[in-house]
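Below is one structure, written out as structure tokens; the observations come after it.
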Amino acid sequence: MTQDFDDLLLEGEAVIWRGVPDFSLAKGKLPPRWRARLTMSAWALGFIAATTAAVIYGHTRGMDGFLGLLNGLVALLLGAISVGLVIGIFNARPEFDPKTDPTYLLTNFRLVSLDVTGNRYSLLTRNIAGIRLTPEAGAFDLHVWTRSDEGPALTLFSLADGPAVERLILQTLSQPKPDAPQ
């Protein structure tokens with residue numbers, strides 16, 4: 001994602017680091033597109049077979065009344081799941097898509113997570129209470145806390161340069177910021 005962040009920055013704010021997640025290094029990375037499609041195809045075929053079995057069972061038994069209604073609802077539910085899976089086969093997301101994955105920024109005032117839809121989460125560096133760096137295969141997840149008794153306020157996923165980013169955040173925290181936003 002190449003974009004200009006000047007409209008996002010406050011007066012006197014400068015970008016120290018910018019990065020994106022590299023899910024190709026992570027243990028829990030998304031499967032390749034063909035494997036996701038194959039898995040969804042198998043599930044879709046299974047649900048289509050179950051839908052067909054429910055309809056044939058109800059038809060051969062001549063079910064009517066409450067049991068017929070129940071059988072019809074089960075067949076309808078299985079059919080809806082099948083349709084959802086078939087649609088999902090064609091919407092399977094690739095392993096890494098720089099157009100949809102978030103962008104992370106570290107400035108002299110805050111830590112920012114941006115996504116392609118325009119959502120952004122800013123965490124003022126003076127509010128950071130703790131950082132935890134978790135190795136994840138060839139990458140690192142960086143968890144940032146504002147209060148030690150709650151869960152992480154922001155997590156930066158699959159950073160190839162996790163220790164360097166942690167060091168930059170700690171250096172930013174240790175510098176006095178008299179002109180920082182309050």
Side-chain angles (χ1 to χ4, degrees), residues 1-3 18-105 111-123 130-163 165-166:
M1 173 191 292
T2 58
Q3 76 182 65
R18 177 180 149 202
V20 294
D22 186 358
F23 292 112
S24 65
L25 300 173
K27 204 183 327 174
K29 65 182 177 181
L30 295 172
R33 185 180 289 206
W34 67 267
R35 193 177 326 146
R37 285 184 173 169
L38 183 65
T39 303
M40 288 165 89
S41 297
W43 279 102
L45 287 175
F47 275 101
I48 289 170
T51 303
T52 304
V55 169
I56 290 174
Y57 180 77
H59 180 69
T60 57
R61 297 284 179 160
M63 292 184 163
D64 52 354
F66 177 73
L67 288 177
L69 178 67
L70 185 64
N71 187 49
L73 289 175
V74 167
L76 186 65
L77 177 68
L78 291 171
I81 292 172
S82 301
V83 168
L85 285 170
V86 169
I87 290 171
I89 290 169
F90 299 103
N91 288 336
R93 188 168 171 231
E95 209 171 313
F96 174 74
D97 187 358
K99 295 178 185 159
T100 58
D101 286 326
T103 298
Y104 305 128
L105 297 175
L111 185 59
V112 183
S113 175
L114 303 154
D115 67 20
V116 74
T117 62
N119 295 327
R120 66 178 153 218
Y121 183 79
S122 296
L123 181 62
I131 300 171
R132 185 179 81 203
L133 190 67
T134 308
E136 181 68 31
F140 297 88
D141 290 345
L142 188 70
H143 309 277
V144 182
W145 276 267
T146 55
R147 294 189 188 132
S148 58
D149 58 340
E150 294 180 4
L154 181 62
T155 301
L156 309 181
F157 294 102
S158 296
L159 298 176
D161 54 349
V165 176
E166 178 190 32

Which atom names give the shortest non-hydrogen contact between [X] and [Y], and what distance separates them?
| X | Y | answer |
| --- | --- | --- |
| Ala75 | Thr51 | O-CG2, 3.5 Å |
| Leu154 | Ser113 | CD1-CB, 3.8 Å |
| Asp141 | Phe157 | OD1-CA, 3.5 Å |
| Val86 | Ala44 | CG2-CB, 4.0 Å |
| Met40 | Leu85 | CE-O, 4.2 Å |

Would you compute the distance between atom [atom1] of [X] and atom [atom2] of [Y] and round it to the nearest 0.5 angstrom?
| X | Y | atom1 | atom2 | result |
| --- | --- | --- | --- | --- |
| Thr103 | Leu156 | OG1 | CG | 11.5 Å |
| Leu78 | Leu73 | CG | CG | 11.0 Å |
| Trp145 | Thr155 | CH2 | OG1 | 7.0 Å |
| Glu166 | Leu142 | CD | CG | 6.5 Å |

Identify which one of Leu111, Leu159, Val112 satisfies the side chain to side chain contact (heavy atoms under 4.5 Å, CB included) criterion when paired with Tyr104.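 The single option meeting the side chain to side chain contact (heavy atoms under 4.5 Å, CB included) with Tyr104 is Leu159.
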Heavy-atom donor-acceptor pair, Ser82 side chain to Ile48 backbone, under 3.5 Å: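 Yes; judged by distance alone, with no hydrogens or angles, the pair exists.
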